[in-house]
Amino acid sequence: MKRLIHEIHEGRNLKKNLLKYRDMAIPLYVEYASLELTFSAFTLIQEITEEKRELAERENKVVSVVTAALDAVGRGEADYDEIAGQMRDLRDEITKKMDLFTAYTDRMICYEYVLNRMELKFLSEDELKEQLASFDEELYLKELLAYLFVDKDQSVVRDKLRLVMSQLPVYMTKSKFFERIKEALTLYRDGEKAALDDFLYMLRTSALIYEPENYVGEYEGLEQWIKQLSEADYSNLDADRYEELVQSLEQGAEAIHEVTDFYYSLQKVVNCIYAMCLILPYCGEQTKLVTACRSIWVCLAKKEYMDEMLEPLEGRIEDKVEKTSYMESVLFEIKSSYKKELSELSLTGFFDDFSAVANLLSDSLFIDLDKVAKMEKADAKYVRERTDKFLEKLSCKLKSVDRPVKRAIMAQVLDKLPMTFQRSEQVEEYIRVNLFGCQDKAEKCTVLKMLRDLIREGNI
C-alpha cells in the first residue's frame, strides 16, 4: 500500500495504479464502515433503550427511519440508492437541528459569561473591598505569568493563553474590535471559501447574530429558557432575578447537552449507513467480518443487544484506521490532479462516491459534502464582501443589547480570533490593564478568583 501511494504521488504508472487503488480501497472501506456502523449503532441503541429512552420516544420519527435502514442493510434487502437518499435527507435535517442547538449553546455561553461576572455583585461595598484586599496584585501576576509560560511546548502555552485571555474583562473600543476582526478575516484571502464561511459561521453564532432554521414549538423548554435570558435587563438585576436567571441557565444547559448528545450519536449512525450504501454497490463477495457485522445490525434494529456481540470485533478497527489514513493521504491529489486519467478509466463516479465515504467516516460528523466537493477560492472581493456584511450585522447587534451582554459578545468573538501577542511583556501589560484596571469590583474579584482556581488546578 505504501509503495502504491508513493507511486501515485509521484504520478507513475497512473492507469495501473489508480485501478489498483480502487481495488484496494473497496474491501478496506467496506470493512471499516461495517465496524464503525456496528460500534456506533450499538452505542446509540444502548443509549435510547436506557438513559435516553424518554428523549428517543419524543424523537421516535427519526429513530424509526434509522432502525429501518439498519435492518434493511443488515438483511441485504436494501435499495442502496433509496436508503442513501433517506440518509442524505435525514443527515441534512439533523445538521439543521444541530445548527439550532449550536446557536442556543452559544447564547447560553454568552449569558453564562454575563451572570458569572455578577456573582459577587450583591455583596456590600465593604465585603467586596475586603475580598479584593486579599489579593496581592504583583504576587498574583507573577504566579499567573508562571502558570502561562512554564511549559516548553508552545501549543500548551497557546492553549493556556487563550483560556486565560478569554476570562479577562474586555475593554476595547468598537473600532479597535472591528479592526481585529478584519485582520483575522484577511488571513482567509486566496484560501477556500468553505473555510472562510465556516469561520464566519462560528463568529456569527458567538455574536448571537446567527438565525438558524425555525423549529418553533418543537423545543418549548429551550425556547422559554433562551427567551428569559435574552430579554433580561442585566444592567438592573436584583438578587432574586439573578437567581432565577442562573436557574434558567442551568436547566437550559442540561437540556441542550442531552439533546445534542443524542443527535451526535444518531448522526454517527446515519453517516455510517450512508457510507455503506455508497460503497457496497462496488463490492463483490463480502468477508466473514462484514457478514458478522450485518447480523449484529439486524439485532440492533430490533433493539436487541448484548456486550458479547462486540467481543469478536475488538481490536479489529485499529488496523483499518491506519490503512485508511494512508489511502486518504493522496485522495484529494487524485481527484484534483488526475481528472483526465479518472475519466479515461471511468473512475470519476467511483472517486466521487469514495470521497463522500471518506468524509462520512471522518471525525467531522456534520461536514458539508457539497462544500467539500466545490473547493472554490475566496478572492479579495469575496472576503471583503463577507467581512462587511458580518460587521454590519454585528454593529446592529451590539447597539441592541445591554452593556454587560455587549462585553460578553465581544469576549466570545475575540476568543475565536488569532491571538496577537508576540512577547510575554505584551501579555503582562494586557493583564494589568484589563484585569487590575477593571473598575467593576464584583467582576474583577470574580475573575481573580476564577484564574486563581485555574492556577491551582494547573499546579496539582
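One-based numbering along the sequence shown. Just so it is clear, the model here is predicted, and its values are computed rather than measured.
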Can you label the angle between the Y234 ring and the Y111 ring as parallel, tilted or perpendicular, going by 30° and 60°? parallel
Between K121 and Y242, is NZ or CZ placed under 6.0 angstrom from the six-membered ring centre and within 45° of the ring axis? no
For N17 and N13, indicate whether the former's side chain and the latter's backbone hold a donor-acceptor pair under 3.5 Å. yes
Donor-acceptor under 3.5 Å (S166 side chain, L163 main chain): yes
Look at R241 together with D233 and state whether they make a salt bridge at an N to O cut-off of under 4.0 Å. no
Between E112 and R117 (salt bridge meaning N to carboxylate O under 4.0 Å), is one present in this structure? no
Closer than 3.5 angstrom, by distance alone: can the side chain of R162 be matched with the main-chain N or O of D415 as a donor-acceptor pair? yes
Is the closest basic N to carboxylate O distance between R88 and D92 below 4.0 Å? no
Between K15 and E344 (salt bridge meaning N to carboxylate O under 4.0 Å), is one present in this structure? yes
Axial cation check for F390 ring with R386, 6.0 Å and 45° limits: no
Between E192 and K377, is there a salt bridge with N-O shorter than 4.0 Å? yes
Cation-pi check, K416 to F199: give yes when NZ or CZ is under 6.0 Å from the six-membered ring centre and within 45° of the ring axis, no otherwise. no
Using a strict threshold of under 4.0 Å (side-chain N to carboxylate O), is an ion pair present between K20 and E7? no
Do R107 side-chain atoms and A103 backbone N/O form a donor-acceptor pair below 3.5 Å? yes
Parallel, tilted or perpendicular, judged at 30° and 60°: which one describes the rings of F351 and F354? perpendicular
